[in-house]
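Heads up, the thing below is written out as structure tokens.
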There are 2 protein chains.
Amino acid sequence: METIVESSGLPADAFSAKCPTRQVLDHIAGKWTILIVDALLEGTMRYTDLRRRIEGVSQKMLTQTLRSLEADGFVTRTVHPTIPPRVEYDLTPLGHSLAEPITALRQWTETHINEIEQARSRAS
Amino acid sequence: METIVESSGLPADAFSAKCPTRQVLDHIAGKWTILIVDALLEGTMRYTDLRRRIEGVSQKMLTQTLRSLEADGFVTRTVHPTIPPRVEYDLTPLGHSLAEPITALRQWTETHINEIEQARSRAS
DNA sequence: CCGCATCCTGCGCGATACTG
DNA sequence: CAGTATCGCGCAGGATGCGG
């Protein structure tokens, strides 16, 4: 287990409040990040494609989350200056890398949803 | 790839707005869930242990998240009626199972934090 | 030591309307 | 088509204080 040292000189430690890892974790923990990254794993997608794929996401949150993912270097945004305009979103290599643990998480949830619902009904 | 069918009779699909998977995903995506589950992977922990381990968490959110994890069947809460009281938290088998993809996610973030910060400074 | 109750604030997020 | 702009609500989440 190799220790990662971040730019501040401190070891990367998500349990530490000051570590920037926490901010990233908070982003990933956002309501839509997991679904968006996961959807882009299926390939290049246009804005409207994503809206359709991810049921219930609003325009605002989709745009906002995409911009955040772009800033963190997880997705690229390509604008084709045609009429009508055409904007395509893709995962970067870093984004693909992130997609692995994220997909694992979504799949885990889908796989164990019945056990969880049983636990919930017991708790009530 | 086997299809999971949940109690409603529909296939489990996180992209569908009505699927209960979404609610669970939202819980997991909570600000503290990842850190708490991850911390409990180190073994049994008392309430105060968790507060110390997870820097910056408030009493309220720690209690609230723990109750939520309990309701979903991820952790057990054991009260020893001694003086002073002693409350211990443990992962259930289901919780241990969930911890795997969660740990992977935290470790991924710690590992790639420098790449992300570089992307951010470029974006600015 | 381990909480629960309460008050309060910010902002996550949705709804709606408008633009190149 | 792919957004921006604006408004407002609800709840996540922090601060404080009390109780067993």
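Each chain gets a letter, A, B and so on, in the order its sequence line appears, and its residues count up from 1.
- The distance from atom CD1 of Ile28(B) to atom P of dA12(D) is 16 Å, rounded to the nearest whole Å.
- Remark: P of dC13(C) and CG of Asp26(B) are 9 Å apart, rounded to the nearest angstrom.
- Asp90(B) and Thr76(B) share no side-chain donor-acceptor pair at under 3.5 Å.
- Note on Glu55(B) versus Arg22(A): no salt bridge recorded, every NZ/NE/NH1/NH2 to OD/OE distance being 4.0 Å or above.
- Rounded to whole Å, atom P of dC1(D) lies 14 Å from atom OH of Tyr89(A).
- A cation-pi arrangement, defined by a distance under 6.0 Å to the six-membered ring centre and an angle within 45 degrees of its axis, is absent between Arg46(A) and Tyr89(A).
- Cluster membership check: Ile83(B) does not share its hydrophobic cluster with Val87(B), using side-chain heavy-atom separations under 4.5 Å among Ile, Leu, Val, Met, Phe, Trp and Tyr.
- Within residues 42-75 of chain A, the residues that place at least one heavy atom under 4.0 Å from DNA chain C are, in residue-number order, Ser58(A), Gln59(A), Lys60(A), Met61(A).
- The interatomic distance linking Lys31(B) (NZ) with dC11(C) (C1') rounds to 11 Å, in whole Å.
- Between Glu88(B) and Asp49(B) there is no side-chain heavy-atom pair separated by less than 4.5 Å.
- Set against dG13(D), dA2(D), dC1(D), the side chain of Val87(A) has dA2(D) as its closest nucleotide.
- For the residue pair Ser7(A)/Glu117(B), the side-chain donor-acceptor check at 3.5 Å is satisfied.
- Between the C1' atom of dG3(C) and the CZ atom of Arg86(B) lies a distance of 16 Å, rounded to the nearest Å.
- Both Pro85(B) and Trp32(B) lie near DNA chain D, and the one whose nearest nucleotide falls closer to the 5' end is Trp32(B).
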